[in-house]
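Source: prediction; values computed, not measured.
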Amino acid sequence: MRRTWFSPARPVRRTAATALVSAVALTALAACGTSSDTGSGDSKPGVGSTDPAAPLDPKTKVDLAIDCMPPATKAAELREWNQDVATFNKTYPNVKIIGRSTPGQCEEPTRFTAALKAKSQPDVFYTYFTDLQQVLDNNGAADISAYVTATSVPALNSIDPAVMEVYKKDGKMYGLPTSNYQMGIMINRKLFQQAGLDPNKPPATWDEVRADSRAIAKLGNGTYGYGEYSAENTGGWHFTAAMYSLGGDVVGADGKAAFDNDTGKRVLQQLHDMRWSDQSMSRTQLLKWGDLQKQITADKLGMFLAAPDDIAYMVQQLGAKYENFGMGPIPGGKATLTGGNGYMIKQGSSPDKIKAAIAWLNFKTLAPGKGQFDWARTKADQLPVGVPQPNFFTGDVKAADLKSRTDNATMPVANFAPYLANPIPGKAEPPKAQEVYKVLDNAMSAVLTNKDADIAKLLSTAQTQVDQVLANQ
């Protein structure tokens with residue numbers, strides 16, 4: 001589950017059964033964009049080499065339709081997009097970038113699934129790390145293995161191999177990552193101080209989470225220590241993160257559900273006890289992404305599991321101040337859920353179009369110091385700098401990027417020090433993640449809304465249902 005580097009909305013995938021929309025509605029949605037969205041995305045006759053290892057010939061004429069262009073409401077981001085198109089066209093003057101934007105999130109689940117089925121996705125289309133199998137099931141993406149080299153993507157060998165692996169299946173590469181995240185614990189530093197806690201030492205264990213949550217809840221006036229999701233697949237998403245943090249799993253190596261055990265019971269029992277025994281969680285439940293961000297911004301919530309860029313959303317969209325928040329690694333520390341997003345290239349695209357797409361993605365999203373990594377420009381445009389995300393480079397490239405990010409920071413990067421100083425091994429989301437999360441929402445919502453919830457029964461029922469989901473792969 002993730003979002004674009006432009007839009008903070010955290011969407012969730014629906015099942016295919018609920019994903020169908022009409023072709024007419026799809027066309028209307030695709031038309032929503034800025035004045036740059038004027039082309040069809042069809043290639044003109046090219047003059048380049050058909051050899052995938054050969055670089056794109058600057059004389060090659062290609063129209064490249066790509067989604068997730070910032071909407072007009074994001075003026076600074078759109079200005080940067082247009083600047084990057086102009087710079088890119090100095091090298092490739094015959095590649096026409098046809099940007100498409102939508103009023104809301106870049107990948108709305110029903111629209112995405114419908115586009116795949118209708119083969120109407122743009123040439124270069126935005127995806128989550130969890131989308132690969134759905135795209136392949138619909139024969140939606142081109143195999144770009146032979147096109148992605150250290151020549152076409154110079155920083156290729158400095159990108160975390162685990163992140164690159166997300167878009168691979170059976171030895172073939174179907175996409176390029178543009179952002180990644182690892183879950184940690186977000187804290188309200190102001191409330192920690194008011195409760196007599198050290199905001200520079202976020203809780204490192206789940207026992208500490210419970211103790212700190214009780215301390216914050218004692219502040220009263222509708223303030224609670226810990227918040228959790230339990231609706232729209234986000235509850236299952238966080239249940240998975242908590243399982244990982246304790247060394248557990250949701251789907252085992254045998255491809256079957258693996259959470260009806262002591263670890264699963266511990267996750268749900270702690271939430272139950274914090275909600276009902278400690279009363280350190282809100283009476284308002286069935287929360288989804290966006291709700292906890294609003295609560296912590298209003299100084300009514302002490303902490304919750306989050307990705308680093310939630311802070312940027314809270315400041316840009318909710319009017320919060322950077323200095324009020326900090327992050328630590330996920331409590332438990334055995335592993336943390338990792339996710340992100342990237343782009344795939346439509347199946348059937350010509351070699352020229354694939355080369356042009358990779359050239360653009362490299363410049364815009366994978367080149368240190370350029371595009372999304374031009375931190376000096378981002379600062380000048382008064383956009384957030386300092387969030388440790390994207391964070392997929394390694395070695396010297398990573399060090400240089402973090403230095404530039406820190407030098408141009410628009411927020412107190414020291415507030416992220418506990419998160420950065422204690423890296424936790426990342427673990428990918430389970431197969432058929434959204435369908436699995438939907439099932440697990442039921443267990444999460446039950447323990448948070450029903451004091452007498454039967455945890456053993458909830459886990460047993462969910463395990464049976466998840467096994468049914470997995471059996472239908």
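Between I216 and N188 there is no side-chain heavy-atom pair separated by less than 4.5 Å. Between L271 and F239, the closest side-chain pair of non-hydrogen atoms is not below 4.5 Å. A heavy-atom distance below 4.5 Å is not found between the side chains of R100 and M69. With contacts defined as side-chain heavy-atom distances shorter than 4.5 Å, the pair E208/P331 does not qualify. With contacts defined as side-chain heavy-atom distances shorter than 4.5 Å, the pair P203/M303 qualifies. A 4.5 Å side-chain heavy-atom check between L116 and V135 finds at least one atom pair inside the cut-off. Between E435 and V466, the closest side-chain pair of non-hydrogen atoms is not below 4.5 Å. Residues Y244 and I424 form no side-chain contact, since every pair of their non-hydrogen atoms from C-beta on lies 4.5 Å or further apart.
The local environment of NZ in K403 is sparse, with at most 12 non-hydrogen atoms from other residues, nucleotides or ligands closer than 6.0 Å. Within 6.0 Å of CG on D396 lie no more than 12 heavy atoms contributed by other residues, nucleotides or ligands. Other residues, nucleotides and ligands place no more than 12 heavy atoms under 6.0 Å from the NZ atom of K201.
A donor-acceptor distance shorter than 3.5 angstrom exists from the side chain of N94 to the backbone of P58, with no hydrogens or angles considered. At distances below 3.5 Å, not a single donor-acceptor pair connects side-chain atoms of K119 with backbone N or O atoms of K346. A side-chain donor-acceptor contact under 3.5 Å links D441 to the backbone of G236. Looking only at distances, no side-chain donor or acceptor of S158 sits under 3.5 Å from a matching main-chain atom of F393. Panel note: side chain K427, backbone D249; no donor-acceptor pair is recorded below 3.5 Å. Side-chain atoms of Y174 do not come within 3.5 Å of backbone N or O of G140 as any donor-acceptor pair. Between the T297 side chain and the A320 main chain, no donor and acceptor come within less than 3.5 Å of each other. A donor-acceptor pair under 3.5 Å is formed between the side chain of T336 and the backbone N or O of M183. A donor-acceptor pair under 3.5 Å is formed between the side chain of S245 and the backbone N or O of A242. Judged by distance alone, with hydrogens and angles left aside, the side-chain atoms of Q372 form a donor-acceptor pair with the main-chain N or O of T178 at under 3.5 Å.
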| said: Let's go through N415 and I311 carefully: what are the C-alpha distance in whole Å and the side-chain angles of both, what is the deciding distance for side-chain contact (heavy atoms from CB on, under 4.5 Å) to 0.1 Å, and is it a yes or a no? | reply: CA-CA 11 Å; N415 292 0; I311 292 180; over 6 Å; no
| said: Between I185 and Y419, is the side-chain contact (heavy atoms from CB on, under 4.5 Å) condition met? List the steps. | reply: CA-CA 8 Å; I185 190 159; Y419 176 86; over 6 Å; no
| message | If you apply the rule side-chain contact (heavy atoms from CB on, under 4.5 Å), what do you find for T378 with E80, and how did you get there? | response | CA-CA 8 Å; T378 306; E80 290 186 354; 4.2 Å; yes
| After noting the C-alpha distance and the side-chain angles of W375 and D401, does the key distance pass the side-chain contact (heavy atoms from CB on, under 4.5 Å) rule? | CA-CA 9 Å; W375 300 118; D401 177 67; 2.8 Å; yes
| field | Steps toward side-chain hydrogen bond (donor to acceptor under 3.5 Å, both in side chains) verdict (D352, S350) | value | CA-CA 5 Å; D352 285 342; S350 68; 5.3 Å; no
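A centroid separation of 6.0 Å or more is found between the aromatic rings of Y343 and W360.
Put simply, NZ on K256 and CG on L470 are 10.5 Å apart, with the number rounded to the nearest 0.5 Å. Atoms OH and NZ, on Y147 and K355 in that order, are 6.5 Å from each other to the nearest 0.5 Å. Note that the CG atom of L292 and the CG atom of D310 stand 9.0 Å from one another [nearest 0.5 Å]. Here the OG1 atom belonging to T127 is positioned 9.0 Å from the CG atom belonging to D67, to the nearest 0.5 angstrom. Between the CE atom in M344 and the CG atom in L176 there is a gap of 10.0 Å [rounded to 0.5 Å]. Between the CG atom of D374 and the CG atom of N408 there is a distance of 8.5 Å, given to the nearest 0.5 Å.
The heavy-atom pair separating I66 from L361 by the smallest distance is CD1-CD2, 4.3 Å. In terms of heavy-atom proximity, L132 sits nearest to Y167 at CD2-C, 4.0 Å. Counting all heavy atoms, side chain and backbone alike, C68 lies closest to Y126 at SG-CD1, 4.3 Å. Residues D63 and D123 come closest through the heavy atom pair O-OD2, 3.6 Å. The two residues R405 and V385 come nearest to each other via the heavy atoms O-CG1, 3.4 Å. Residues T234 and S230 share a closest heavy-atom pair of OG1-N, 4.2 Å.
Between Y313 and W289, the ring planes are tilted. Angles from 30° to 60° get that label. Using cut-offs of 30° and 60° for the angle between ring planes, the Y226 and W206 rings count as perpendicular.
F392 is linked by a ring-ring contact (aromatic ring centres under 6.0 Å, His included) to F373, counting only residues two or more places apart in sequence or in another chain.
For the residue pair Q133 and D137, a side-chain donor N or O sits within less than 3.5 Å of a side-chain acceptor on the partner. Side-chain contact of T240 with E429: a donor-acceptor pair under 3.5 Å is absent, judged by distance alone.
With respect to D160 and K398, no salt bridge is recorded, no charged nitrogen being found less than 4.0 Å from a carboxylate O. At a threshold of 4.0 Å, the pair R377-D84 counts as salt-bridged, since one of the basic side-chain nitrogens sits closer than that to a carboxylate oxygen.
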